[in-house]
Amino acid sequence: MPDCLAQAVTAKDVGLDHVLDALETDSVFMLRPGRPIQAYAYEDAGEKKRLLHDVTHVELERWEQFGERFLLFELKSPETSSWMGGYAYPDLMRPETTQMFLETTYEPYFRRFGDRFGTTIPAVFTDEPAVCTGAVYGAGELSLPFSYWFSSQFERRNGYDPRPYLPALFYDIEGDLLERPACKARFDYYRTMRELWAENFAKPLSEWCEARGIAFTGHYMEHQWPYPWGSMASPAVMSMYEYMHWPAIDMLTTMLLKNGASPSGERTDKERLLTLTIREAHSAANQFGRARVLCEAYGAGGWEADFGDFKRIGDWLMAHGINFINPHMTCSTIVGARKRDHPLSFDWRQPWWDEYAAMADYQARLSLALSAGETRNRVLLLHPTTTAFLGKQGKPDEPQPLDPAGYQRLVEWMCDRGIDCDFGDEFILERHGSAADGKLTVAERDYALVVVPEEMDHMLGSTVSLVRRYMDSGGIVLSLRPQGPSCADGLPDREAFRLSRHPNWIGVNREELTSEIRKRIGFRFVWTDPDRVPSGVVHLRRILEDGSSLYFIANPRDERVASGLLLAGESVELWKVWDGSVHPVEGTVRDGMIRIEVELPAFGSVLYRVFERKPEERSSGNAAADRAAAGIGTSGAIANAGCDAGTGFARVGRDSAQPATSAVAANAALAASGLKVVPEEDNVLPLFYCDLSVGTREYKGIHTLLAGRCVYEHRGFGGNPWDNAVQYKRRVLDRDDFGPDSGFEASYSFRIEEGAVPASLSLFAERAERYRLVVNGRPVPWKRGGSSWLDHHLGEADISSFVREGDNRVTLTADVFSVLLEVEAVYLRGTFGVYPRNGVWTIGRPAAKLLPGAWTDQGYPFYGGAFRYSKTFVRDDPSKRILLEVPEWAGTAASVWVNGSVVGLLGAGHDADPDVTGHTLPGENEIAIRVCGSFKNLLSPHLDPSRPRNTAWPGFWKKAPMRREPDSDAYDFIPYGLMEEFGIGCANG
């Protein structure tokens, strides 16, 4: 459908010389699409541009009569992209696009799997649909979505031709050439874009899914609020959640909330924007009664992302309203460019995969609990999105009608104070808003108070009318801008401004806002010591079917929280999410509020259930019946949600709401054997540089990324077709027909110290079956059956009898080129140490005895597995409790093992010094701590000068020196390990 590809209008500011040069070219402009769409002579008028004459249809020879500077608006051709399988992005405002998509994609899925829709396949996921300027994920020339089809639709809906108003979309203009103000043209443009996108894309997909019993979910390009422009635009994205049965967002990287970023830091700015993004989806879910709010989480978070990241970010997401976390992603293979494609990957390769069951169970329990009941907030915060529609296309740092930072800080401020509010999107209000009896209703939710932010200088005309009806019915508006908005529907509007004259419009500052809310509806959640609660600590309330409430509180900060907490109710239970157990909480009741004491460690969280009555007044005597009345299910369902109850994980750890103790320091130490330190796997040395012979060329000492690119270029490709690319059907595979002289040869070198030839040494290579292997001039066979280490596309060869002291050379020869042959690092694995010798990574003898401390400093710099640290001791007094004292450790995860069985996790909300009494036996026992590393040290990026953490874009790997291997000290590793010996102690039972 070529005519349905995304197109755009570009804006160019050119001088007369440009026009005169164009005169010398035959068929001026006619060879360009657009021809141009519009052209104006102009002159500068301070910060604005004064339009002098419309020269669109004037002969070029005469343009100099009208000025010396010109604005040209031309149609930008759709750009093909490897991300689009070599095609261009479609225009999602066109109904034909969606119809074709349904016919070619959703309908075949339904024919094949329709009997599972709504059961084992509960939802269909759409990823990053947007209104595109024709350049996917690009940041090229100044452009906005536009086509002649769009122009015709605009004219039909708005009653005027948009083309003469194109200058208003890009610049601040003046002059009398245009009949309508620039702000009106901008508003109409973005409103029309949103309407077409909703009517022709989101609504048809939603209706198709609903008719077939499957939920429509996924996420838009939602992280650019409030700007309705960009290469991938999502104007008023909150309004699009009306059409999602599971409103959803994504949250990239795992650096969010890391290390307690300061309030003015970049990460906190990102946090504020993400808070707003989550609240948009959560608000829409509340208003339309959606049970699920999904987040695609942790994508591009880096191979080094750890359990602390998963819990810290997951808790924060759920406390803001997410209740279904979709981890990004699981790789079926990591050969070639795939290992660099926005890792990490949640799969069996990870050293922490066994431990991950406990983390998954934790988040499954939270998901189940926070999907029960419903959230009913009482305050509606009008969302000022349409104010941004009045601005010209530009960069975020340019002055705009709406300052997003101020509004984002308001949202943060309201969350910090426990003000229960939803956002009021104006397009949702237009379709689903009503007012009566002092309440403003949005679909399925009623609101007792409406808050107008300072930034809301514009409203839809429908919003003006709705707010007035709400106030006329007795409703109260608390406005942080004492005057009313100055504009409605893109024009100055007296009715909007006069809203502030209504007696129920109350101008307030932030502190007065708090007082007014307290006076008019009260608070259900109040910190008694707010100075001890840092900004960002957030909570979510779910009202259960029996009238009780769940409160989930998350502390995303790197500091402890200790404060009294007032909750509306008379009794409280603590629900320990790690093991599903339930415990009463002591508190004092006064005037319908119960006060409890809350202690949250850094990055900690807690889940409470609050009842309106005392325990003796409400208990049925049957816990399962109490749970069923709440609409949650049995206690077993909570305890075992998403997990195998027999794993035993997390039974060691305390709930993160309880204070930590130092076990051994306060009790007697037990005599134990010396610490034994053992790596679970063979050591590894990856070889990232090689010599390449291909075609008529030879390349010496180049990075394998460059080598792979060179091979593909010699065989007619523009580069690696699998790198940051999507294959359309079999477009790449169908080219896999190359002759016998099409192959290449890649040779890798490594060094072994004197007397250090390993007893066992294997070489692993990707797609090994397609290569002949030679080591030091001698052919070596590949093992049959492939490899089970790291990936099923890795082949293994035993080269221990083919290597020697000093320099060694491994050569892979492909006699015939295949499109599957991406030149990549090869891996040496065996019983050896890896040490920097004169700037070169060298194989040496393994350490005679491994010690506590970073294993990267003990000959294991590239090691991507786990280490075990174990001791034995004798338990001769069964009345004593057995406690561990765990020192500092660094890893992606750590677990405690007793007598060969795993009994719990360390970190991520668990006790720093756990009690393992129940897992020991009379007599001799072995206790081990398993510390997991990551593939960051194995698969890199090692050589990005910025040394990134918790974020991984494919380009990071390409920052390595391509034409020479750097010295070993240039490599970036994360020092993993147990840094000191752990202690074993006993205490009275």
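All values derive from a computational prediction rather than experimental measurement.
Using modelled atom types, one side-chain atom of Q727 and one backbone atom of V732 make a donor-acceptor pair closer than 3.5 Å. Of the possible donor and acceptor atoms, one in the side chain of R186 sits under 3.5 Å from a partner among the backbone N and O of L390. No donor-acceptor distance shorter than 3.5 angstrom exists from the side chain of S206 to the backbone of A202, with no hydrogens or angles considered. Side chain of W225 to main chain of P235: no donor-acceptor pair is present (N/O by atom type, distance under 3.5 Å, no hydrogens or angles). Distance alone, capped at 3.5 Å, is enough to place a donor-acceptor pair between the H223 side chain and the D250 backbone. Proximity of a side-chain donor or acceptor of T441 to a complementary backbone N or O of G433 within less than 3.5 Å is not detected. The backbone N or O of L102 lies less than 3.5 Å from no partner atom in the side chain of T105, so there is not a single donor-acceptor pair. Within the 3.5 Å criterion, the main-chain N or O of P247 finds no donor-acceptor partner in the side chain of R292.
Summarising the geometry of A281 relative to V293, their closest heavy-atom pair is CB-CG1, 4.0 Å, with the distance given to 0.1 Å. In this structure, L252 and K270 approach most closely via the heavy-atom pair O-NZ, 3.6 Å. When every heavy atom of P95 is checked against every heavy atom of N200, the shortest pair comes out as CD-ND2, 3.6 Å. Scanning all heavy atoms of the two residues, the minimum distance from A8 to T133 falls at CB-O, 3.0 Å. Across S234 and A130, no two heavy atoms sit closer than the pair OG-CB, 4.4 Å. A pairwise comparison of heavy atoms in N724 and P954 identifies ND2-CB, 3.2 Å as the closest pair.
Rounding to the nearest 0.5 angstrom, the gap separating the NE2 atom in H432 from the OG atom in S239 is 10.0 Å. Atom OG1 in T277 sits 11.0 Å away from atom NE2 in H320 (nearest 0.5 Å). Atom CG in L381 sits 9.5 Å away from atom CG in D422 (nearest 0.5 Å). Rounding to the nearest 0.5 Å gives a distance of 6.0 Å between CG of L733 and CG of L820. Once rounded to the nearest 0.5 Å, the distance linking OH of Y148 with CD of Q7 reads 9.5 Å. Atom CD1 of I428 sits about 10.5 Å away from atom CE of M240, to the nearest 0.5 Å.
For the pair T98 and L205, the minimum side-chain heavy-atom distance is below 4.5 Å. The shortest distance between side-chain heavy atoms of Y165 and Y189 does not fall below 4.5 Å. P204 places none of its side-chain heavy atoms less than 4.5 Å from the side chain of Q99. At least one side-chain heavy atom of W953 sits under 4.5 Å from a side-chain heavy atom of T253. Looking at F73 and L144, their side chains never come closer than 4.5 Å, going by heavy atoms from C-beta outward. Within the 4.5 Å cutoff, the side chain of L276 has heavy atoms near those of the F423 side chain. A heavy-atom distance below 4.5 Å is not found between the side chains of T80 and Y89. Here the side chains of F201 and L196 are not in contact, with every heavy-atom distance at 4.5 Å or above.
The number of heavy atoms from other shown groups lying within 6.0 Å of OH (Y728) does not exceed 12. Applying the 6.0 Å contact sphere to CG of D737 captures no more than 12 heavy atoms from other residues, nucleotides or ligands. The environment of E103 atom CD is dense: over 12 non-hydrogen atoms of other residues, nucleotides or ligands sit within 6.0 angstrom. Within a 6.0 Å radius of OH in Y109, no more than 12 heavy atoms belonging to other residues, nucleotides or ligands are found.
Ring-plane geometry between W197 and Y220 is classed as perpendicular, the angle between the planes exceeding 60 degrees on a 0 to 90 degree scale with a lower cut at 30.
For R212 and F110, the positive end sits near the middle of the six-membered ring, less than 6.0 Å away and at most 45° from its axis. Cation-pi geometry between K49 and Y171 is met: the NZ or CZ atom falls under 6.0 Å from the ring centre, inside 45° of the normal.
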Check step by step if side-chain contact (heavy atoms from CB on, under 4.5 Å) holds for L5 and D91. CA-CA 5 Å; L5 296 178; D91 185 348; over 6 Å; no

Would R156 and E195 satisfy salt bridge (Lys or Arg N to Asp or Glu O under 4.0 Å), going step by step from the backbone distance to the final call? CA-CA 13 Å; R156 183 174 64 83; E195 287 175 352; over 6 Å; no

Dump the intermediate steps for side-chain contact (heavy atoms from CB on, under 4.5 Å) on C209 and Y106, then the final yes or no. CA-CA 9 Å; C209 290; Y106 279 20; 4.1 Å; yes

Go through the steps for T192 and F150 under the test side-chain contact (heavy atoms from CB on, under 4.5 Å), then give the verdict. CA-CA 9 Å; T192 301; F150 175 87; 4.0 Å; yes

Take R180 and D489, measure what salt bridge (Lys or Arg N to Asp or Glu O under 4.0 Å) needs, and give me the verdict at the end. CA-CA 13 Å; R180 294 168 178 80; D489 290 340; over 6 Å; no

Pair L380, L429 - check side-chain contact (heavy atoms from CB on, under 4.5 Å), show working. CA-CA 11 Å; L380 186 71; L429 291 175; 4.2 Å; yes

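The distance between the ring centers of Y160 and F154 falls below 6.0 angstrom. Between H219 and W246, the ring center distance fails the sub-6.0 Å criterion. For an aromatic pair to be called close, the ring centres must be under 6.0 Å apart, and Y42 with F70 fails this. Between H245 and F288, the distance from one ring center to the other does not fall under 6.0 angstrom. Checked against the 6.0 Å centroid criterion, the rings of F187 and H458 qualify as a close aromatic pair.
A salt bridge does not link E222 to R279: none of the charged side-chain nitrogens sits closer than 4.0 Å to a carboxylate oxygen. Between R194 and D188 there is no salt bridge, since none of the side-chain N atoms of the basic residue sits less than 4.0 Å from a carboxylate O of the acidic one. A salt bridge links E430 with R191: at least one charged nitrogen is closer than 4.0 Å to a carboxylate oxygen.
A donor-acceptor contact under 3.5 angstrom links the side chains of Q38 and D54, judged on distance only. Defined by atom type and a distance below 3.5 Å, a donor-acceptor pair is present between the side-chain atoms of E107 and W208. Between the side chains of D457 and T387, not a single donor N or O lies within less than 3.5 Å of an accepting N or O. No hydrogens or angles considered: nothing links the side chains of T10 and E74 as a donor-acceptor pair under 3.5 Å.
For the ring-ring contact (aromatic ring centres under 6.0 Å, His included) criterion with F389, the lone passing option out of Y190, W229, Y227 is Y190. Just one residue in the list E426, E280, E455 forms a side chain to side chain donor-acceptor pair (under 3.5 Å) with H383, and that residue is E280.
Under the salt bridge (charged side-chain N to carboxylate O under 4.0 Å, His left out) criterion, the residue pairs touching residues 335-347 are R338-E822, K339-E766, K339-E824, R340-E824, D347-R349, with sequence neighbours excluded.
Not counting sequence neighbours, the partners of D161 by the side-chain contact (heavy atoms from CB on, under 4.5 Å) test are S151, E155, R163, P164.
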